[in-house]
Structure formats: C-alpha cells, structure tokens
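Remember, predicted model here, so these are calculated numbers, not experimental data. Atoms considered below: every heavy atom in the structure, side chains included; atoms not considered: hydrogens, waters and symmetry mates.
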Amino acid sequence: MKKYLTATALAVCFASAAQAEGQLNLYAWSESISPTLIEKFSKANDVKVNVDGYTSNEDLLTKLQAGSSGYDIAIPSQHFLRVMIDEGLLENYGANKLKAYENIDARWRNQWWDESQEYSIPIAYGTAGFVVNTERYKGPTDSFKHFFEPGSELSGKIAMLSYPDEVIGAAQLYLGVPFCSEDQAEMKKVLDLLMAQKPAVAAYSSDNIASRLASGEVSAHFWWDGEELKARTGGSPFALAMTKEGLVGWLDSMVIPKGAPNSDNAIKFIEFMSEPENATEQMNFYAHSSPMKLVAEKVVYTKEKAPELYPEVPVAFSRTCSPAAQDLVNRVWTQLLQ
Amino acid sequence: MTMDTLHLPFATKRASGARFWRNLSFWGLLPSWLLMGFALILPIAIIAAVSVATRGAHGGFTWDFNLAGYSQILFNEGWTGELEFTPQYLMIIARTFLLAGATTLICLLFAVPVAYFISRQPPSQKAILVYLVTLPFWVSMILRVYAWMIILGKEGTLPRLLENLGFPPGMSFMFNDGATLTAMVYTYMPLMVLPVFASIEKLDGTLIEASHDLYGDRWVTLRRVILPLTAPGILAGAILVFVPSLGAVLEPTLMGGGKQMMMGSLIQLQFGGGRNWPFGAAIAMTLMAVVLIFLIFTALRSARKETAK
C-alpha cells in the first residue's frame, strides 16, 4: 500500500526552484500574454515572472476588493477599470509620464475610463458578438435576431457566456435599450427576450468555447473576436457575425493594484510591453487589436487576413453601470437561470 | 543516588504528573487548535460578519449592521417596483438539495456492492483495490470533469461507440441533469466506498453464516444482518457525499450547461457579477445552518440508537 502511495506522490509532485533577482506577479486574462515576451522580459531584467489567469472581469474585481492579492499587474476592461479607480483599488503610477503613454495610439488616450491616463496603459481591444460554425450553420448572420430569436436551424445549438456582462449588452443592442438602463420596463424586455431564447440554448458557459463550437456541440456561441480569429487561422470553420445592431466593445488596460509588492518591475513590464516591437509581437500572439503604435510591416492580422478585427458595423463599448442598473442586470440574470 | 533523583518528580507527587500530562496534551493539541481556529472558525466568523454587513456600491461591503442579505432570500423588489415574496431562491435551494440527495442515493447503490466485493478479496488484492478507488483523488477535480465532457460530448467516446454499434451518429449526452448527475456520482463515489468498505470489512462473517443457519435467505440476511451492522459506515459515507454535493459548482456548470442555478453558483454570482457580498454570505450561512441542523439531527438519532441497544 505504502509503495503505491509513495510512487503516486512522487509521480504527481515536481519541484521548481529557479531563483531570480526580482519578482513580478501578473494577473491577466488566461493565455493572453505572449510567453515569448514574458521570457524575453524575464531574461533581460533578471525577474521571475509568475502568471495567474482569470476568465472574467468580475473575478478580477472581487479578488482586488478582497484585498492583498499580491499581484503587481492586472488587466481589467474599461468599465471595470473605472470602478477600480473610483473604489481606490489601483495605484496611481503616473502612466501619462511614461514612455508607454507616447506609444498609445492617439484615439485611445485619455478616454472616460481614465481621463487623465494616470492609472492605466491599454494593451488590447476588441469586440464580443456571436460566432458561428460555418460548416454547421449556413443561415444569415447579419443581425442579432438570428441569435436571440433563432429559427429551427439554431434551436438547441446556441451557447451563451456564463455571466451577464457582455451578453446583456448584446441583447440591449438588439432591443435598442441603452447600456446600463435603470428603467425596469426596458430591462424586463431584455429578460423576456432571453427567456424566450432559453429553450434554444444548450449551455451558459464561458469555458472550453473553441472545442464546443468546433465539435458541433453547438453551432453558435457568444464569443470574442480575437479568440474566433485565432481558432479560424488554426483551421476551424468559424465566422464572427457582423451584426447590423453593432458589436459590444471592450478595451483592456494594464494597471497596478494598490499595495503591489513589486511596482518597480510592474512599470518596467508596462514600458516593455508598450514598445512598438513588443506590442506588435503581443498582438500577433493574442490576435486582438492593439491600441499601441505598431511596427506595421510585422503585423500578422491585417485587414485582409483578419476582417473580424476591423468591423464595419458600429462598436458600442460597455459602460460602467450605476449600482441600480447593475442590480437590474443581476436580477435579469438570476431570473433567467433561477 | 541516581535512582532517587530520577524518581522524584514522578513518584513523590502524583498531582504534578497529572499536570505534566495535561500540559503535554495542551501543547500537543495546540497546532490542531490553531489550524482549526485560523483555517475553519475564523473564515466562518468572517462570512457570518459579512452576511450582516451593508453592501458596497460596486461589490465589497461596509461594517454597518444590516439584515438585508437575509431578507433578500425571501423578499425582493419585483418588476413593478414593490417588495414582494420571491420564491426563486427557495427553488434554487430546493433544487440543490434534490441533486445532492440523488447523488447520495446513487452513490450508495453502487458503493455497497463494490465495498462488499472488495472486502471479500484476499488481503493483497484488497490493498490494490482500495488504492484504485482512491486513485482519482490524485487528479485535479476539474480535469476529471473535463474527462467526462470528452466521454459524453459530441464526437466523444460514448457517442462514437454507440455509432459503431449502429445507433444514429451525432448523439450528445451533455448539458442535462443526467450529465450533471453522472459527473457528481463519479466525483463523490470514493467518499462513499471507503467508509462503507471500512464497516463492511469489520463485519463478522460468522454472523452471516449464522443467519443462513437460521433459515434466513439472502434478502433477509442483507436486510436484518448486513445493513444494520454496516449502518454507521453508510451514514458516514452519506454525509461525506451529501454535504459537499450541496456546494457543487463545477458539475452543474460544465456538465449541466449552467442553465439552472445551484446554491454554489448563486453564491458565486453574488460575489462576482451580482456585487452583493452580504447576500452571498447570507446564502452561504443559510446553507451551513441547514447542513448543521441535518448533521445534529442524524447524530442525535444514531446516539439514541446506541443507547437503545
């Protein structure tokens, strides 16, 4: 008995003990940062980089609110960035005085989520909408109607995300309800739409999206542009629906949580990621658009190769909701899944 | 001389010896007390405190006493803007208990024969079989659930197998209650097998023979001899499976498709997107209170049985 236990224990254990001069604890969207860049940064600065991943802004916000996360960098989307600044969860690291600030594409500087651009340097932006498996679904994709009020072809073949954030936003775009509405009647319409769609939905899940869509488990999935692009260039028959009502926009920025133990290294890393050469490498890895100045000839995902990154339909960026509006979103979601 | 001095502390004063042992047990138990205090009691105290705090505007909380978290379980603002009775959370709680109960029952049905079979093997094979039962614990739970997704999912192992046997292609067994239950039973089965095995192994084989000698058939022997004698193990297994099943999040979300909330996902939503920590903490405390009542009830009942004997 003991023999087996010891053997198994040895088999599942492994040791890692590389000692470096400094540390940097990254908390980023899962698999979002180019490993090549992390290695390059780590070697150049003799810093050991630890990366933890999250899959929703909500997870990140909760972790920072719980306090002493020990992370040096986090990468929230714009509507959560605003909350984090207002709640005093972030370090003011004078981002607008860094070289990185100069490298931000002018149209993404000093936006409503960080007007003075003291707290954040953007790293990626993109859209969310529904992606179809073109081998399984041949119907029209020009409107959210086909997703929220599906015909028989998509019935039972639809998957949504497991949290309300962008999904409700898309439903609001379709119904013409403003983001963060505090009007009960308007939000009731959103609930009614989602309730009517529910019988056609196979799953509400944010995990494992690529394989669920590729295997044909579902034919349409709420998703992000870059993830779809990465899977498509990898050979999957996917397409992001260019819905005439618009797409839900997001922009992720690098921030330093309050009390970060290695904020010097964090600033070094933010500068490093923002150099045009590295920003280009990061975009080529992540497959989402970059809000930074790039080395144009090295960009892999050009307009010809990646039309999904250059939508011609309107893009509406998620807003920071008031607590009252957030409660309505929450109520819609709880009643939908009660 | 040596003998005398050595003996002195123990032999001359009995009381000081007792104190010595008392001290020893105090210091010896201190690590476990600290562990219990910091890893169990303190976190529960924090959750209890948060459940009566006031929610922050964007999540978090402030230390102002407020019972809104608890009242929200029953009463919420309706779509007309009035406070009304909302059964939705009670439904989620009921559904969670139903799922946990079904998991426990199915685990029991499978575990008793398995444990009985293992207990009747020669010692060398017994060790290997028990080891095999515990083997899944060495693998992360999330991986094990993903494995089931590969088995049951479209183009997965089971649909492929059925297709080769002549069933129509393209079947999928995912995203329904059956899939959730399959993964739950699989996950918690070892927790049922081990305690049941422990009590079946202690079962005296001669009692079974005696039952047969007294013209008890197999069914009577099982009902009147084997089950009563293994009841403590079955009860322990049932508690070990039922209680964690109540908090299951992974299986309902990944296998069931997350179409209906369970208490675990409801609590998670309050700390995440819902941004209502006190409400989440209040549900967690309610869940714990219900489990405690259930455990105290079973403990009292088995204690009464013991004294009745």
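- Of all residues spanning residues 155-162 of chain A, those with a heavy atom less than 4.5 Å away from chain B's heavy atoms are Lys157(A), arranged by number.
- Of the N and O atoms on the side chains of Gln72(B) and Asn276(B), at least one donor lies less than 3.5 Å from an acceptor on the other residue.
- Glu166(A) and Trp224(A) are linked by a side-chain donor-acceptor pair at a separation below 3.5 angstrom, with hydrogens and angles left out of the test.
- Taking the six-membered ring for Trp and the full ring otherwise, the centers of Trp148(B) and Tyr146(B) sit at least 6.0 Å from each other.
- Note that NE2 of His221(A) and CG of Asn133(A) are 12.0 Å apart. Values are rounded to the nearest 0.5 Å.
- Within a 6.0 Å sphere centred on NZ of Lys202(B), heavy atoms belonging to other residues, nucleotides or ligands number 12 at most.
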Next item on the list: Assess whether side-chain contact (heavy atoms from CB on, under 4.5 Å) is satisfied between Tyr27(A) and Leu64(A), documenting all intermediate values.
Entry: CA-CA 11 Å; Tyr27(A) 196 39; Leu64(A) 294 190; 5.5 Å; no

Note to self: For Phe317(A) and Gln111(A): C-alpha separation, side-chain torsions, deciding distance, then whether side-chain contact (heavy atoms from CB on, under 4.5 Å) applies.
What the structure shows: CA-CA 11 Å; Phe317(A) 278 77; Gln111(A) 296 291 319; over 6 Å; no

Note to self: For a side-chain contact (heavy atoms from CB on, under 4.5 Å) check, start with the C-alpha distance between Met187(A) and Arg331(A), then their side-chain angles and the critical distance, and finish with the verdict.
What the structure shows: CA-CA 9 Å; Met187(A) 290 307 283; Arg331(A) 200 196 300 174; over 6 Å; no

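- A donor-acceptor contact closer than 3.5 angstrom links the side chains of Glu182(A) and Ser322(A).
- Among the candidates Leu266(B), Leu269(B), Thr253(B), Asn76(B), the residue making the largest number of heavy-atom pairs closer than 4.5 Å to chain A is Leu269(B).
- Neither the backbone nor the side chain of Phe61(B) comes within contact range of chain A; no heavy atom of the residue lies under 4.5 Å from a heavy atom of that chain.
- Between Asp327(A) and Arg55(B) there is a salt bridge, since at least one side-chain N of the basic residue sits less than 4.0 Å from a carboxylate O of the acidic one.
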Next item on the list: Apply salt bridge (charged side-chain N to carboxylate O under 4.0 Å, His left out) to Asp59(A) and Lys63(A), showing your working.
Entry: CA-CA 6 Å; Asp59(A) 289 354; Lys63(A) 201 133 192 178; over 6 Å; no

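- Of the residues considered (Arg212(A), Glu58(A), Gln65(A)), Gln65(A) shows the highest number of contacts with chain B, using heavy-atom pairs under 4.5 Å.
- Interface residues of residues 78-92 of chain A toward chain B, defined by a heavy-atom distance below 4.5 Å and sorted by number: Phe80(A), Val83(A), Glu87(A).
- Within the 4.5 angstrom heavy-atom criterion, only side-chain atoms of Gln270(B), from C-beta onward, approach chain A.
- Residue Met262(B) does not touch chain A at all, counting heavy-atom pairs closer than 4.5 Å.
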Item checked: Test log, rule side-chain contact (heavy atoms from CB on, under 4.5 Å), inputs Arg95(B) and Leu98(B) -> CA-CA 5 Å; Arg95(B) 180 184 305 134; Leu98(B) 215 64; 5.5 Å; no

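- Heavy atoms of Ala324(A) lying under 4.5 Å from chain B are absent altogether.
- Surrounding CZ of Phe137(B) are more than 12 heavy atoms belonging to other residues, nucleotides or ligands, all under 6.0 Å away.
- With a 4.5 angstrom heavy-atom cutoff, Leu60(A) does not touch chain B via any of its atoms.
- Taking the six-membered ring for Trp and the full ring otherwise, Tyr54(A) and Trp29(A) have centroids separated by under 6.0 Å.
- No part of Ser56(A) comes within reach of chain B, as not one of its non-hydrogen atoms sits under 4.5 angstrom from that chain.
- If you measure heavy-atom distances from Glu155(B) to chain A, the contacts under 4.5 Å come from the side chain alone.
- Ring geometry for Phe75(B) against Phe85(B) counts as perpendicular: the plane angle is over 60°, on a 0 to 90° scale with 30° as the lower cut.
- Contacts of Gln184(A) with chain B are made by both backbone and side-chain atoms, with heavy-atom separations under 4.5 Å.
- Residue contact with chain A, scored on non-hydrogen atoms closer than 4.5 Å, involves the backbone and the side chain of Met261(B) alike.
- Options Gly216(A), Ala202(A), Ser205(A), Cys321(A) differ in how many heavy-atom pairs under 4.5 Å they form with chain B, and the most are formed by Ala202(A).
- The environment of CD in Gln121(B) is crowded: more than 12 heavy-atom neighbours from other residues, nucleotides or ligands sit within 6.0 Å.
- In this structure, chain B has no heavy atom under 4.5 Å from any part of Val329(A).
- The most heavy-atom pairs under 4.5 Å with chain A, out of Glu77(B), Met174(B), Met91(B), come from Glu77(B).
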